[in-house]
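Since this is a predicted model, take the numbers as computed values, not measurements. In what follows, chains are A, B, ... by sequence order, proteins preceding strands, each numbered from 1.
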There are 2 protein chains.
Amino acid sequence: MTEPLNTGLLLFLPYRALESRVFEGLAAAGFDDLTPAQARVFQRIAPDGSRPTELAEQAGITKQSAGFLVDQLERAGYVERVPDPADGRARLVRVAERGARSVEVSRGIVAEVEAEWTAHLGVRRMAQLRRILTDLREITDPWR
Amino acid sequence: MTEPLNTGLLLFLPYRALESRVFEGLAAAGFDDLTPAQARVFQRIAPDGSRPTELAEQAGITKQSAGFLVDQLERAGYVERVPDPADGRARLVRVAERGARSVEVSRGIVAEVEAEWTAHLGVRRMAQLRRILTDLREITDPWR
DNA sequence: CCGATTCAGTCAGAAAGACTGACCATCTCG
DNA sequence: CGAGATGGTCAGTCTTTCTGACTGAATCGG
């Protein structure tokens with residue numbers, strides 16, 4: 001389990017480290033009612049709003065689960081639901097006031113952690129990492 | 001949310017892609033009773049056995065949850081528990097017969113996926129990716 | 001070598017997250 | 001228009017995880 005660690009774990013470790021940091025920081029800033037599951041959905045809301053079903057696909061959960069999480073996010077003031085003008089069946093989920101403020105905070109924390117990583121790896125390798133991962137995304141991300 | 005994707009998501013995407021592939025393959029090979037949560041614990045068992053509490057820490061869950069998952073793994077024949085000769089309070093969790101066979105299968109699938117990634121990225125960049133991630137592990141993995 | 005503390009693990013109860021299946025309303029297309 | 005696809009919800013269940021309380025074993029200071 002130690003020497004040539006499997007690539008999956010190698011990817012997961014920094015991911016979790018970053019996620020934990022963001023949660024701690026968010027909680028410290030008063031956004032202590034966000035759960036990881038809610039955040040994973042919230043994170044994927046497009047600037048002009050997304051449909052629950054889209055969010056479900058991108059987060060890799062069922063539409064029922066997504067609907068449930070959006071309910072919670074709505075009750076906590078992070079998002080709002082508006083009717084989709086283009087489709088009477090659909091309702092758009094949009095980032096609300098409180099949600100926008102939490103985005104600001106987490107953006108700051110992510111930047112901080114990325115700065116630490118850059119300090120450890122060096123500017124060049126950090127850029128390389130991002131480039132390679134972006135490239136890898138083409139064959140590992142079904143939603144573009 | 002689209003262009004300069006946050007590094008966390010960039011790490012998460014390939015991780016999940018790999019994990020899904022391993023699960024599909026495992027299920028196809030008859031190991032269809034493994035759940036993701038069980039697998040995440042199972043994956044961290046050291047060659048000579050680990051204590052439930054260690055597994056809990058490394059998997060980032062409470063020791064109660066780890067104990068519960070180990071129970072399930074034991075019932076399904078993936079692991080066995082033996083008393084720890086060095087500490088009368090502890091019991092070591094070890095990979096059992098069936099568990100070892102599932103490890104073989106998943107190793108094959110991981111190799112397959114890594115080969116695809118190498119084909120996409122090129123040998124050099126794939127090696128770079130692993131090197132950078134291994135390096136990053138030093139500051140993102142609390143357990144060595 | 002003995003009491004206090006720490007540590008490994010379990011039990012009990014509850015909540016979160018996710019799933020399947022069934023269902024309704026609306027949209028789209030032949 | 002009517003059939004099928006799509007967006008979303010409701011109901012019920014299972015898995016995973018957590019908190020808190022507890023037992024038994026080890027360890028450490030005096």
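If you check every strand for non-hydrogen atoms under 4.0 Å, B/Gln38 touches sugar and phosphate atoms only. Using a 4.0 Å heavy-atom criterion, one finds that B/Asp87 contacts the sugar-phosphate atoms exclusively. B/Arg81 comes within 4.0 angstrom of the backbone, heavy atoms only, and of no base. B/Thr35 comes within 4.0 angstrom of sugar-phosphate atoms only, judged by non-hydrogen atoms across all strands, and of no base.
Of the candidate nucleotides D/dT16, D/dC18, D/dG8, D/dT16 has the atom lying nearest to any side-chain atom of B/Leu69. When each of D/dA26, C/dG9, D/dT19 is scored by its nearest atom to the side-chain atoms of B/Thr62, the top-ranked nucleotide is D/dT19. Listed nucleotides C/dA18, C/dG17, D/dG8 differ in distance to A/Gln72; the shortest reach to its side chain belongs to C/dG17. For B/Gln64, whose side chain is taken as the heavy atoms from C-beta onward, the closest listed nucleotide among C/dA18, D/dT16, C/dT10 is C/dT10.
Under a cut-off of 6.0 angstrom, the local environment of CZ in B/Arg125 is crowded, with over 12 non-hydrogen atoms contributed by other residues, nucleotides or ligands.
For the pair A/Arg51 and D/dG7, the criterion of a side-chain N or O lying under 4.0 Å from OP1 or OP2 is met. A sub-4.0 Å separation between OP1 or OP2 of C/dC19 and a side-chain N or O of A/Ser65 is present.
Classified by interplanar angle (parallel below 30°, tilted 30° to 60°, perpendicular above 60°), the ring pair A/Phe31/A/Tyr78 is tilted.
When rounded to the nearest whole Å, the span between CG of A/Leu34 and P of C/dG17 equals 10 Å.
In the hydrophobic clustering, where aliphatic and aromatic side chains (Ile, Leu, Val, Met, Phe, Trp, Tyr) are joined below 4.5 Å either directly or transitively, A/Val123 stands alone.
Each of A/Arg89 and A/Arg40 lies near DNA chain C, and the nucleotide nearest A/Arg40 is the one positioned closer to the 5' end.
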